[in-house]
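Below, all heavy atoms of this structure are taken into account, side chains as well, without hydrogens, waters or symmetry copies. FYI, the numbering just counts along the sequence from 1.
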Amino acid sequence: MGRLLVWTHFLLLTVLLAPVQKAAACSCAQAHPQTKFCESDFVVVVRVKKILPVSDYEIAYKVKINRVFKSNPKADVALMQNLLRTPSTDSMCGVTLNVGDTYVLNGRIVSGKAFISYCGLSIRWADTTTRQRKGLRQLYQQGCVCDILYTHWRRKGAVLESSGGKNCLWESTPGPQDCQEKYGVCMASPSGCSWVPSVPYKNCIKEYQRKREQQRSREP
């Protein structure tokens, strides 16, 4: 799709300009889990077995790959090493994982090696919702023809009007940001791209609306 996540640039800089990057701070653009899925070379569920130092600016996680949701030929080869590399510090967008824990992670292949970043997908598998798991299994891939735009909730009307039916809006807080992140899947239909209705999504939106009404009732 020709799009690259911000963290990809950090990975390339980590490999090529590591000594310079030690003084830089990590900065990530807001991206929905579906967007991270669509823009990655691989998406996997892994259990972290060991942390291995690679250099002053890079570490590698030795992992057991439990499941592959997405991969390409280059990723297939790189993942055979069971090593996921990341910058060694938070300031360089390094990912901190706990040995023994299981995560869903996405990443890119750089110079034949699998890299992960703080700006990517990094969620404990136990913390993923059933809707996110269904998205990872098949729905996110089907929705990659759509774009998900992180949008300030006050501007959602104007942004939606100008999107031409090609985008789903991921509304910032106090909009239903958590609902759309945990239960939202953006899919294309004859009328354009939109969030797919589901029971968990509808229930989350209802709860969000209830809390918003309570909050408004307490405002002077």
Got Pro197 and Lys202 here, is their nearest side-chain heavy-atom distance under 4.5 Å? yes
Residues forming a side-chain hydrogen bond (donor to acceptor under 3.5 Å, both in side chains) with Ser55, sequence neighbours excluded: none
Taking 4.0 angstrom as the limit, do Asp101 and Arg124 come out as a salt bridge? yes
Tell me whether Glu213 is salt-bridged to Arg210, with the criterion being a basic N under 4.0 Å from an acidic carboxylate O. no
Glu171 side chain vs Lys156 backbone, donor-acceptor pair below 3.5 Å: no
Atom pair OH/CZ of Tyr140 and Phe69 - distance to nearest 0.5 Å: 10.5 Å
Do Tyr201 and Arg131 have side chains that get closer than 4.5 Å, going by heavy atoms? no
Is Gln132 reaching over with its side chain to a backbone N or O of Thr129, donor-acceptor style, under 3.5 angstrom? yes
Would you say Val63 and Leu83 make side-chain contact, with heavy atoms under 4.5 Å? no
Quick one: pull up CZ in Arg133 and OG1 in Thr130 and give me the separation to the nearest 0.5 Å. 8.0 Å
As an exercise, state the distance from CG of Leu52 to CD of Glu58, rounded to the nearest 0.5 Å. 11.0 Å
Between Arg67 and Trp125, is NZ or CZ placed under 6.0 angstrom from the six-membered ring centre and within 45° of the ring axis? no
Looking only at heavy atoms, the pair that brings Thr86 and Ile116 closest together is OG1-O, 3.0 Å
Which distance, rounded to the nearest 0.5 Å, do you find between the NZ of Lys113 and the CD of Gln81? 8.0 Å
Under 2.5 Å between the SG atoms: is that true for Cys28 and Cys93? no
Answer yes or no: does atom NZ of Lys62 have more than 12 heavy-atom neighbours from other residues, nucleotides or ligands under 6.0 Å? yes
Lys182 atom NZ, over 12 foreign heavy atoms within 6.0 Å: no
Establish, yes or no, whether the cationic atom of Arg212 lies under 6.0 Å from the six-membered ring centre of Trp153 and within 45° of the ring axis. yes
How about Thr128 and Tyr103: do any of their side-chain heavy atoms sit closer than 4.5 Å? no
Side-chain heavy atoms nearer than 4.5 Å, only ILVMFWY residues, links allowed to pass through others: does that put Val68 and Phe42 together? yes
Step by step, would you call Val46 with Leu97 a side-chain contact (heavy atoms from CB on, under 4.5 Å)? CA-CA 11 Å; Val46 305; Leu97 305 177; 5.6 Å; no
Is Lys70 positioned over the aromatic face of Phe37, cation under 6.0 angstrom from the ring centre and no more than 45 degrees off axis? yes
Indicate the atoms forming the closest heavy-atom contact of Ala78 with Ile109, along with that distance. CB-CD1, 3.7 Å
Picking from Trp170, Tyr183, Tyr150, what satisfies ring pair (Phe, Tyr, Trp, His ring centres under 6.0 Å) with His32? Trp170
Can you measure from CD1 (Ile51) to OG (Ser88) and round to the nearest 0.5 angstrom? 11.5 Å
If you compare all heavy atoms of Ile59 against all heavy atoms of Val54, which two are closest, and at what distance to 0.1 Å? C-CG2, 3.7 Å
Just one of Cys193, Cys186, Cys146 clears the disulfide bond (SG atoms under 2.5 Å apart) bar with Cys168, so which one? Cys186
Does Trp195 belong to the same Ile/Leu/Val/Met/Phe/Trp/Tyr cluster as Tyr208, with side-chain heavy atoms less than 4.5 Å apart forming each link? no
I would like to know whether Asn167 and Ile148 meet side-chain contact (heavy atoms from CB on, under 4.5 Å); could you show each step before the answer? CA-CA 5 Å; Asn167 302 310; Ile148 299 176; over 6 Å; no
Just wondering, do Leu84 and Leu105 contact through their side chains at under 4.5 Å, heavy atoms? yes
Take atom CZ in Arg154; do more than 12 heavy atoms of anything else shown fall under 6.0 Å from it? no
Are the side chain of Tyr61 and the backbone of Val95 linked by a donor-acceptor contact shorter than 3.5 Å? yes
